[in-house]
Amino acid sequence: MKKIISTTQAPAAIGPYSQAVLAGNIFFVSGQLGIDPVTNAFVEGGVQAQTLQAFNNIKAILSEAGYTMRDIVKTTVFLADMADFAAMNEVYAARFDGNFPARSAVAVKTLPKNGLVEIEVIAIPN
């Protein structure tokens, strides 16, 4: 069974996709940029601020379906510039309690709306 999940506490999808999809008990959250859902603009402060906002968006979407950050089993981080890896990683590490999910991190040519970082997650309830 597939269920589409969305919340106004995170930015609306900017294309033909869903914020998240629940398939059985596996929860797939689409890539989240550092966009403030109230202003619909990137937060100021560079890659660290955008990473934090992306996680705030992820947390809001997870919450809408009754999941938490502890349920995340896999993340994929897309960076506009791999030189930002250490700065992103500092914020990333603080989002988890040491029980880190599996992760991939890659640099891409360009992110949507020229963002600096985009993060997608897969969660399964503990």
Side-chain angles (χ1 to χ4, degrees):
M1 178 177 83
K2 177 173 113 172
K3 181 178 180 184
I4 304 302
I5 304 294
S6 66
T7 177
T8 58
Q9 301 302 305
I14 57 174
Y17 63 91
S18 301
Q19 279 181 336
V21 175
L22 184 59
N25 70 339
I26 303 173
F27 194 45
F28 299 89
V29 178
S30 293
Q32 294 298 304
L33 298 165
I35 295 175
D36 181 317
V38 175
T39 65
N40 206 32
F42 284 106
V43 294
E44 294 183 18
V47 72
Q48 287 191 317
Q50 286 190 25
T51 301
L52 179 58
Q53 184 62 51
F55 272 115
N56 290 343
N57 296 339
I58 289 165
K59 188 175 179 180
I61 295 167
L62 289 168
S63 180
E64 185 69 22
Y67 286 71
T68 70
M69 294 290 289
R70 290 190 54 77
D71 296 320
I72 296 173
V73 296
K74 172 70 167 83
T75 65
T76 305
V77 178
F78 303 94
L79 291 163
D81 186 345
M82 193 54 83
D84 287 335
F85 181 84
M88 173 281 300
N89 204 46
E90 185 178 323
V91 175
Y92 180 100
R95 299 303 102 199
F96 299 96
D97 62 5
N99 189 6
F100 298 109
R103 177 178 80 181
S104 300
V106 297
V108 296
K109 184 176 178 183
T110 308
L111 287 168
K113 296 189 170 190
N114 293 313
L116 301 176
V117 62
E118 180 176 5
I119 303 169
E120 66 180 25
V121 305
I122 299 171
I124 298 174
N126 284 316

Give every donor-acceptor pair under 3.5 Å between a side-chain atom in residues 92-99 and any protein atom, sequence neighbours left out.
| from | atom 1 | to | atom 2 | distance (Å) |
| --- | --- | --- | --- | --- |
| Tyr92 | OH | Thr75 | OG1 | 2.8 |
| Arg95 | NE | Val91 | O | 3.4 |
| Asp97 | OD1 | Arg70 | NH1 | 3.3 |
| Asp97 | OD1 | Asn99 | N | 3.1 |
| Asp97 | OD2 | Arg70 | NH1 | 2.1 |

Return a table of donor-acceptor pairs under 3.5 angstrom between the side chains of residues 42-49 and protein atoms on other chains or two or more places apart.
| from | atom 1 | to | atom 2 | distance (Å) |
| --- | --- | --- | --- | --- |
| Gln48 | NE2 | Ala87 | O | 3.1 |

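The same ILVMFWY cluster, assembled from side-chain heavy atoms under 4.5 Å apart, contains both Leu79 and Ile119.
A heavy-atom distance below 4.5 Å is not found between the side chains of Leu33 and Pro11. Side-chain contact between Val73 and Ile26 is absent, with no heavy atoms from C-beta onward closer than 4.5 Å. Looking at heavy atoms from C-beta onward, Pro101 lies out of side-chain contact with Val121 at the 4.5 angstrom threshold.
Applying the side-chain hydrogen bond (donor to acceptor under 3.5 Å, both in side chains) test to residues at least two apart or on different chains, none of the pairs has a partner in residues 107-118. Annotation: ring-ring contact (aromatic ring centres under 6.0 Å, His included) contacts involving residues 7-38, sequence neighbours excluded, comprise Phe27-Tyr67. Note on residues 76-93: no pairs pass salt bridge (Lys or Arg N to Asp or Glu O under 4.0 Å), not counting sequence neighbours. Applying the side-chain hydrogen bond (donor to acceptor under 3.5 Å, both in side chains) test to residues at least two apart or on different chains, the pairs with a partner in residues 50-63 are Gln53-Asn57.
Ser104 meets the side-chain hydrogen bond (donor to acceptor under 3.5 Å, both in side chains) test with Lys74; sequence neighbours excluded. For the side-chain contact (heavy atoms from CB on, under 4.5 Å) test, residues two or more places apart in sequence or in another chain that qualify with Gln9 are Thr7, Ala60. With sequence neighbours left out, the side-chain contact (heavy atoms from CB on, under 4.5 Å) criterion links Val38 to Asp36. Shown here are the side-chain hydrogen bond (donor to acceptor under 3.5 Å, both in side chains) partners of Asn89, two or more places apart in sequence or in another chain: Arg103. Contacts of Asn25 classified as side-chain hydrogen bond (donor to acceptor under 3.5 Å, both in side chains), with partners at least two apart in sequence or in another chain: none.
Minimum interatomic distance between Val29 and Ala20 (heavy atoms only, all atoms of both residues): CA-CB, 4.1 Å.
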